[in-house]
Amino acid sequence: MTCRALERSFYARPAIEVARALLGKILVHGPARARIVETEAYLGLTDAAAHASRGRTPRTEVIFGPPGHAYVYLIYGMYECLNVVAEPEGQAGCVLIRALEPLKGIESMRRRRSGIDRIEQLANGPGKLTLAMGITRKHNGADLTRGPLTVCGGCENDFEIGVSRRIGITKNPDLPLRFFVAGSPFVSRSVGRPLVP
DNA sequence: CAATAGATCATCT
DNA sequence: GATGATCTATTGC
């Protein structure tokens, strides 16, 4: 099937809805393609774990902007994380992409993730997938409805959605805002046992 | 297998 | 000046 970028209305919804809906969709960057298998929702002022919880700053401006854009930031001085901006313009909310199943351009991904042999480990974490896909801070603010970096509809929607707490945060850690394709070997292992086994 | 250390810097106080 | 939506390597049981 063809790969047509999701339209802006897809993203103009609550972050939780978008986080669930993004599972199974295809992340495209140039020739590279991968299926989204794990996401986390970050809310607005009420969510202490969210960057947007402290309101508008130069960095968080994108999160308050129009939906369907990328929010990419540097974490721990080393890795970059890709988020998708959700909610109507003016409202804060975004979705962290946490893990991908590589589909196309896998040789390039291997090159960018030197030392990794197993395909399951090329993009099974937020810092790993940006490396594998060649996504950097220069993509911050990029429009995901057009351009080299987009998200397209997937063909397969026949999977169970697992839910758990979010991973790696210290503030507001108890909400069930992490979603993943149940049973997928491409989901990041690390911490966070499912709430619903 | 689980726990921990260290790398490294943009952002905000 | 402290902190952090991480990852890898290493140590310990």
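Naming convention: chains lettered A, B, ... in sequence-line order (proteins, then strands); numbering from 1 in each chain.
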### Query
Rounded to the Å, how far apart are A:R118 CZ and C:dC7 C1'?
16 Å

### Message
Without decimals, in angstroms, what is the distance between A:R137 CZ and C:dT6 C1'?
### Response
14 Å

### Query
CG of A:N124 versus P of C:dC7: gap in Å, rounded?
8 Å

### Message
If I take atom CD in residue A:Q121 and atom C1' in nucleotide C:dT6, what distance separates them, rounded to the nearest angstrom?
### Response
15 Å

### Query
Are the side chains of A:D47 and A:R166 in touch, meaning some heavy atoms are under 4.5 Å apart?
yes

### Query
Is A:L96 close to A:Y42 at the side-chain level, that is, under 4.5 Å between some pair of heavy atoms?
yes

### Query
Watson-Crick or G-U wobble partner for B:dG6, using a 3.5 Å limit on both distances?
C:dC7

### Task
Name the nucleic acid region contacted by A:G77, choosing base, sugar-phosphate or nothing; use a 4.0 angstrom heavy-atom cut-off, strictly under.
base

## Note on the structure
DNA chain C nearest-nucleotide lookup for A:R113 and A:Y42: closer to the 5′ end is A:Y42

### Message
Need two values: the first and the last nucleotide of DNA chain B, 5' to 3', having an atom under 4.0 Å from any heavy-atom of chain A.
### Response
B:dA7 to B:dC12

### Query
Counting just side-chain N and O atoms, does A:K128 come under 4.0 Å of either OP1 or OP2 of C:dT8?
yes

### Task
Give A:L96 one of three labels, base, sugar-phosphate or nothing, depending on what nucleic acid heavy atoms sit under 4.0 Å from its own.
base

### Query
Has the side chain of A:E40 got a donor or acceptor atom that lies under 3.5 Å from a matching backbone atom of A:I167?
yes

### Message
Using whole Å, what does the distance between atom C1' of nucleotide C:dT6 and atom CD1 of A:I97 come to?
### Response
16 Å

### Message
Does A:R56, at its CZ atom, have more than 12 non-hydrogen atoms belonging to other residues, nucleotides or ligands within less than 6.0 Å?
### Response
yes

### Message
Check for me: is A:Y76 stacked on C:dG4 by the 5.5 Å centroid and 30° plane-angle rule?
### Response
no

### Message
Less than 4.5 Å apart, side chain to side chain, heavy atoms only: is that true for A:L43 and A:L177?
### Response
yes

### Query
In whole angstrom, what separates A:R166's CZ from C:dG4's P?
14 Å

#### Entry: Side-chain heavy atoms of A:R35 within contact of A:F186, under 4.5 Å
no

### Query
Just how far, in rounded Å, is C1' of C:dT6 from CD of A:E80?
12 Å

### Message
I want to confirm an ordering. Mapping A:P126 and A:K171 to their closest nucleotides on DNA chain C, which one lands closer to the 5' end?
### Response
A:K171

### Query
For C:dT6, does either OP1 or OP2 sit under 4.0 Å from a side-chain N or O belonging to A:R98?
yes

### Interatomic distance where CG belongs to A:L74 and P belongs to C:dA5 [whole Å]
12 Å

### Query
Sub-3.5 Å donor-acceptor pair from the side chain of A:R54 to the main-chain atoms of A:T60, do we have one?
no

### Summary
Paired to B:dT13 by Watson-Crick or G-U wobble criteria (both distances under 3.5 Å) is none

